[in-house]
J.: 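I have a structure I would like to understand better, so I am pasting it below and will then ask my questions one at a time.
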Amino acid sequence: MSPQLYEFHLPLTPEELLKSGGVNQYVVQEVLSIRNLPSQLKAFQAAFRAQGPLAMLEHFDTVYSILHHFRSIDPGLKEDALEFLIKVVSRHAQELPAVLDDTTLSISDRNAHLNALKMNCYALVRLLESFETVTSQTSLVDLDLGGKGKKARAKSAHGFDWEEERQPILQLLTQLLQLDIRHLWNHSVIEEEFVSLVTGCCYRLLENPTISHQKNRPTREAITHLLGVALTHYNHMLSATVKIIQMLQHFEHLAPVLVAAVSLWATDYGMKSIVGEIVREIGQKCPQELSRDPTGAKGFAAFLTELAERIPAILMSSMCILLDHLDGENYMMRNAVLAAMAEMVLQVLNGDQLEEAARDTRDQFLDTLQAHGHDVNSFVRSRVLQLFTRIVQQKALPLTRFQTVVALAVGRLADKSVLVCKNAIQLLASFLTNNPFSCKLSDTDLAGPLQKETQKLQEMRAERQTAAAASAVLDPEEEWEAMLPELTSTLQQLLKLPQEEEIPEKIASTETTEEVKGRIRRLLAKASYKQAIILTQEALGHFQESEPFNHMDSEEVEETRFLNLLETIFKDPSASIQEKNPQVSAENMGPEQTDYKDKPEKSKGKDELVKQEMLVQYLQDAYSFSLKIAEAIGIISKMMYENTTTVVQEVIEFFVMAFQFGVPQALFGVRRMLPLIWSKEPGIREAVLNAYRQLYLNPKGDSARAKAHVLVQNLSLLLVDASVGTIQCLEEIICEFVQKDELKPAVTQLLWERATEKVPCSPLERCSSVMLLGMMARGKPEIVGSNLDTLVSIGLEEKFPQDYRLAQQVCHAIANISDRRKPSLGKRHHPFRLPQQHRLFERLQEMVTKGFVHPDPLWIPFKEVAVTLIYQLAEGPEVICAQILQGCAKQALEKLVEKSTSQGDTKETPTLSTFLLMNLLSLAGDVALQQLVHLEQSVSGELCRRRVLREEQENKTKEPKEKNVSTETTMEEEMGLVGATADDTEAELIRGICEMELLCGEQILAAFVPLLLKVCNNPGLYSNPELCVAASLTLGKFCMISATFCDSQLRLLFTMLEKSSLPILRSNIMIATGDLAIRFPNLVDPWTPHLYARLRDPAQQVRKTAGLVMTHLILKDMVKVKGQVSEMAVLLIDPVPQITALAKNFFNELSHKGNAIYNLLPDIISRLSDPEGGVEEEPFHTIMKQLLSYITKDKQTESLVEKLCQRFRTARTERQYRDLAYCLSQLPLTERGLRKMLDNFECFGDKLSDESIFSAFLSVVGKLRRGAKPEGKAIIDEFEQKLRACHTRGLDAIEELEIGQGDSQKTPAAKKQPSVSRHQHLASIASDNDFVTPEPRRTARRNPNTQHRLRKEKPKIVFSSDESSEEELSAEMTEDETPKKTTPIRRASTRRHRS
C-alpha cells in the first residue's frame, strides 16, 4: 500500500495494528524476527538520512517489531532504537513549522505528515512506556533485595540510566505539542486519541512510586509542562480532572506531586478553572462512600491540604462545595477542609484592612474551626488545636476571639485523648508567647490597674452625663407652666402688701437691660419668685423706654401685666443662651460664636473618654486572659505525672514559659516538676534538666559576677520553705550540672564568699549558700573536701547562742564528700575515714554536749545529723558517740542532783526537766540506729573487703602444686558457695553483735532501756507530747537492733499506735513498724491487721503515712496482700486529694504485678459491699470504677463475670445486688463475656425487677452494641430480650420466651449447656466461699470471741472457681509472675515456741 494512500489510526492496543480494519487503514504487514531487527533498524536509519521523518511511513513495521519483542531483545538494540526515534521526532518537530506555514501544501502531503506524526509519536510513547514498565518491575525487585547496588541493576537492565532519559523525551513531546499541528487534521480538529496518547504516557509515569523522589524532580516538571500545554491548547481539562481524581484515589504518593502540578497550571498557565473542577469532583463524592474508601479519602485530604497551602486564594472560591464533608464520617476529610480554612485565614483573610465580606468569611471559618474543637473524633480535635496554634503564632487571630479560643484550649485539657491534651498545652503555650497584652501576666498585678482605670472611666462617664444633663435645653413653655401657679400666688401676695414693707432689689446704674433681664430669669429659674417680681418692678421704673418694660398695657389687670412681662423675659431666647454660657463676656457674642468655642472642648472630652474605654477594655482582656492561664495551670499541673512521655515534656515546657511570663502560679509547677528528675524515662529527666537549665543557668547580667549573683539568688529562693524531698531533687539537678561543668567557677566563688561572710548577707542567705555548696559536693567532692577546715570554722565554731541551723547544713555539706553507699566487692580501696582526733569531731562532740542542756528546738535535728556524720566519717565512731552519750547523761544527773540539793530535806522526789529527758532519749535513739547502720553497712562491707583482699593475697602466694584441690572444693568454688558461706558467716557475726551485745550487759545503750520503757509505759506520768514522741521514736529505733528486744516490745508499740491521742506519735510509730516489718517480717506479720487499721485513722496525717508505709510494704512483698487491702481501696475516696492520689498510685503500681488486682477484687468487693463494715453506695461506685479499670484481659473479665453472677445467689441485701450489678456493668465485656453472663442468667434474673439493677445490665448491652460485629448482634438482642422480659414479668417469662423460640433457634448458650452446668455445680458447692459470706449472726452473738475469730479469718477465703476451671487458670499468676522474695522463717513454729 502506498504511503500516501493509507491512513494511520491510533490503536487502543498494539494488537489492533495487526488486524485489517477499515478502508485505507494502515495494518502491520509482518512482525520481524529478533534476528532481523538490527539490520532492519539500520535500513530505517539509512532511509531516514535520505527521506527525513517521512521514512517512518515505510519502516513502521520495524519499530513495531522492536516494541513487540521488547523484553527479549538486546539492551543495546533498545538503546539504539530509543536514540534513533528521539532523533526522528526531533527532526520532524523542526520541519513541521515550515510545512504548517506552506499554503500550497497538497492534501496527500498533509496526510503523509499527519501519518508520520502519529506514527512517530506512537512509537516514541510506546517505547517510553515499555522502558518505564521494565524499570518499575526492577524497582519492585530492588525493594525486596534492598537498596545496595540498585543503580547498577537498573543500568544492567537497559544498558543506560533510564531515569535520566525520560526528561528529554517529555520535553521533545512538549515542543511538538506547542506547534500549531491542528492544521494537519481535517477542519483543524485534533482527534482525542492523539491527545490521550501523549498525555497517557505522563499519567503512567506518575504512577511510578519513585516519581515523588527528589532526584526525579526534572521528570515531574517536564510532565507538568507537557500536561499544561495539553490543557491550554488541546482542551484536555475534563480528561485531566477525571484522571487526577482517579489517581488520587489509588496512589498515595501522588498528592504532593499533583498539588505542585495543579498550582502551576493555575498560576503560570492561567488555568484557574481546573482547581474548581477538581474540587467540585471531590465535593460531589459521597461522604459515606469515602468512609468505606480510606485510601481515596487520604489522597483527597492530602491533596486539599497541600493545595490550600499553595494557592489558598484560588481555592477559597470553591470552599462552599467542600462543606458537606465536614458532616461526613471520614475524619481525614474533615481535617483537610478545616486545614484549608485555616490556610485561608492565615494567607488571604489576614489583617485589619479586610472588607466586610472578607471579614464575615473569616469569622465563619473561625466559627467552624471552634465548633470542631468539640468533634467526636480525637484526631479532628487535635488537628483543630494545631491549626489554632499556627494561627496564633502568625498573629492572625482577631483579639475579639482570644478569650473564646483560650477557653476552648483550657476545656480540651480534660480531653480523654492524650494527643488532644498535648496539642491543647501547645496552643496555650503559643498564646503565652504571642499574647498582645503584657510580658508579665500576673492577675494580681493586673487587678489593681484595672480597678483604678475602671473607676476613672465611671467617673468620666458620670461627669459627661452631668454635663449633658446641665446642657440639655428644657422647653421654656413646660418650665413656665410648671412655675406659673406658685409664681401667681407669690405675685398676688406682694400686690396686696403695703409698699413700705417691700424690700426693693437694687439696680446698679451701670447695668443694662439685658443684664437685668438675665438676673430676673435666673431668679425665676431658682424659684426665687419674690425677688424676681420686686426686681421687675424696679426695672419698670428704671427702664421705661427700653424693651420689654415699655410695653405694659395699662388696660390689663396689674397681675396679668406682670405675668405677661415675666413670661416674655423668661422665654427670651437670647437670655437663655447667655444663661447656658456663663463664660461668655457681656460683650456682643452671638450663638454661632458660642457653639464654635464649645465644639473643640466637647470633641476633646469625647476622645479622652474613648481612649479610657479602650484602656479599660485592654486591661479587662489582659486580666481575663491571665485568669484563664491561671485556670489552665491548675489543670496542667495535674498532668505532670501522666504515663505519656510527650505529654509530660509538653507540661514541663509550658511551665517554663509561664514562669518566664511572670505567671505567679507557674512557680508551683516549676517546683512540682522537681521529683521528675528521678524518672526512669530519659526524655522526662532531660526535660526537667533543660527546664532548670533554661530558668536558672542563663541569668541576665553584664558580667560573670553579676550573672553568678542572680543565679545564686534564684536558687536560694527555691530553698526557702522547701521540703526534704524538694531539697533532694534539687541536689540531684545541681549535681548533674556540676558533673557537666555547667556551673561556672564564679558561682562557687560567690557561694564561698557568702558562706565565709566576705560578702554581706543575711543568716538565711549564708545558710542557703552552705546548702548549695553541699549539693555541688555531690557532683565534685573536692569543692568541699579541699575546704573542710573552712567549713568547720564557718558552722561549728564556738559561739553563743549557737547557730544550729547553719551547723546542720555544714554537716550535710561535709557528708557529701564521702560515698554513703555500702562498699561494693569491686572496690578494693580503703574507705574514706577521718581520725578520731580530727577537729571536726571535737567540735561536733562539744556542740552536742554543750547544747544538750539548752532548750533549743533546733538542737535535736542538729545532733541527729551530727551523729550520722560521725558514724559516716570517723574511725571508731562508737567511741566518740559513747563519750557524747556519757557526757550528756552526766549533765542530766548533775541537774538532778542540783534540784535534789535545792529541795533540801523535802520528801518530794526530784524531777528532771522534760526537755533534758527528751534530748537524752532522742540522742540515745539516734546513736542506736546509726550504730546498727554502721555495723550492717560499713563494718560488714569492710569485713568483706578485707576477706576478698586476703583471699587474693593467698591465691598469689600459693604454689602451683597446692592449687590442686579436691573435686568437692572445686565444685563449691564454681557454684559460688565459698563466697556465700563467708557472707553468711559475716552476717551472723553482725547479727550476733546486735542480738547479744548492743542492748545487753554493760553496753552504754543498754543503760537507757529501763528509762525508755518507763517513759513509754507511763504516758500518764510522762504526758508531755514532745517527750512521748521522742520516746516512741527511740523505742522504734531500739527495736530495729535486736529481734529479741523487738519481740518483747511489739505489743507496747502497737498499743501506742492504736491508743495514743497524738497523731504525730501514731504517724511516727507507723513508720517505725513499717521498718520493723522489713527487718523482722515474721515478728510483725501477726500484727499486720493493726497496720491496715491505721488506714482508717481519723487524723489525715496518720492516714497519709499509713498509706505510704503500706504501699512500700505491699509492693516490696514484705506484707501478705490479704482482703484487708480493701482499706487501701477506701483511700480512693478520701477527702484529702494527696491521699487519694497516693491510693491511685498504689493501685497503678500493683496493676503491674501480674494478676494481683484480679486476685484481690473478689475480697475487696465483699468487704466494701458488706452492710456491717463496708462503704456507702456512691463511694463504692467510685472505688470499683477505678479498680475495675485495671481488668484488661479477656480471660480475667470472663472469670469475673461468672464469679460475680454466682455471687448473686449468696448476697443477702438489695444493696449487695445493686453493687454486683454495678461491677458487672463496669467490666470491659466481649462477646464471650456476654455468653458467660447468659449462661449464668438464672443467678440474677429474679433481681431484674429492681430498676437500678436493670439499668446496670442495660448499660452492658449499650456498651456491647457500640463495637458489635454483625454476627454478634443476635446474642446481644437475645440478652436484651431476656432482660426486658424478666424486668416486666419476672423469671418465669424466660421459659415462655425459650419455648416460643423453638428448637431451630437455640442460642449458642444452650449448645454449651453441659460445660455450663459443670461450672454451675462446682460453683454452687463452694458458693459460700466465693465471696466472704458471714456465718449466721446468732452464732456470732452468742460468743463474741467467735465473731472476732471469724472476722480475722475473712481474708483467707478464696474463690472455688479459681481452682475448678481449667480455662480460667491462665488468668492466675504464672510462675514468672509470682514474687520470688520469700522469708525463710517458719511463722507457725515461732509462735508455738513463743507461747
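All values below come from the heavy atoms of this structure, side chains included, with hydrogens, waters and symmetry mates left out. It should be emphasised that the depicted structure is a prediction, and the values quoted were computed from it without experimental measurement. Heads up: numbering here begins at 1 and tracks the sequence.
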J.: Quiz question: by atom type and distance under 3.5 Å, do the side chains of Q837 and E842 form a donor-acceptor pair?
T.: no

J.: Between E951 and R947, does at least one N-O distance fall below 4.0 Å, as a salt bridge requires?
T.: yes

J.: Closer than 4.0 angstrom, basic N to acidic O: yes or no for K1037 and D1075?
T.: no

J.: Would a distance-only check, ignoring hydrogens and angles, find a side-chain to backbone donor-acceptor pair under 3.5 Å from S1060 to L1057?
T.: no

J.: Okay, side chain of T1034, backbone of L921: is any donor-acceptor separation there less than 3.5 Å?
T.: yes

J.: Got a donor-acceptor contact below 3.5 angstrom from the W859 side chain to the Y804 backbone?
T.: no

J.: S940 side chain to Q937 main-chain N or O, any donor-acceptor pair under 3.5 Å?
T.: no

J.: Counting N and O atoms only, with roles assigned by atom type, does the side chain of N816 sit under 3.5 Å from a partner on the main chain of G774, one being a donor and the other an acceptor?
T.: yes

J.: State whether R778 and E731 are salt-bridged, where the test is any N-O pair (Lys NZ or Arg NE/NH1/NH2 against Asp/Glu carboxylate O) under 4.0 Å.
T.: yes

J.: For S1067 and K1104, does a side-chain donor sit closer than 3.5 Å to a side-chain acceptor?
T.: no

J.: With a 3.5 Å distance limit and no angle check, can you tell me whether H854 reaches the backbone of D856 through a side-chain donor-acceptor pair?
T.: no

J.: Can a donor-acceptor pair be found between the side chains of S938 and R833 at a distance below 3.5 Å?
T.: yes

J.: Between E1058 and R1066, is the closest basic N to carboxylate O distance under 4.0 Å?
T.: no

J.: Any sub-3.5 Å donor-acceptor pair from N1024's side-chain atoms to E1026's backbone N or O?
T.: yes

J.: With L1108 as reference, evaluate L1142, I1071, L1113, N1145 under the side chain to side chain contact (heavy atoms under 4.5 Å, CB included) test and give the passing residue.
T.: L1142

J.: Below 30° counts as parallel, above 60° as perpendicular, anything between as tilted: where do the rings of F1054 and H1090 land?
T.: tilted

J.: Is the shortest distance from a Lys or Arg side-chain nitrogen in R1079 or E936 to a carboxylate oxygen in the other one below 4.0 Å?
T.: yes

J.: Is the shortest side-chain N to carboxylate O distance from R946 to E942 below 4.0 Å?
T.: yes

J.: State whether the side chain of E864 and the backbone N or O of D926 hold a donor-acceptor pair below 3.5 Å, judged by distance alone.
T.: no

J.: Please answer whether the main-chain N or O of L1095 pairs with a side-chain N or O of R1103 as donor and acceptor at a distance below 3.5 Å.
T.: no

J.: Would you say the side chains of Q891 and T849 form a donor-acceptor pair under 3.5 Å?
T.: no

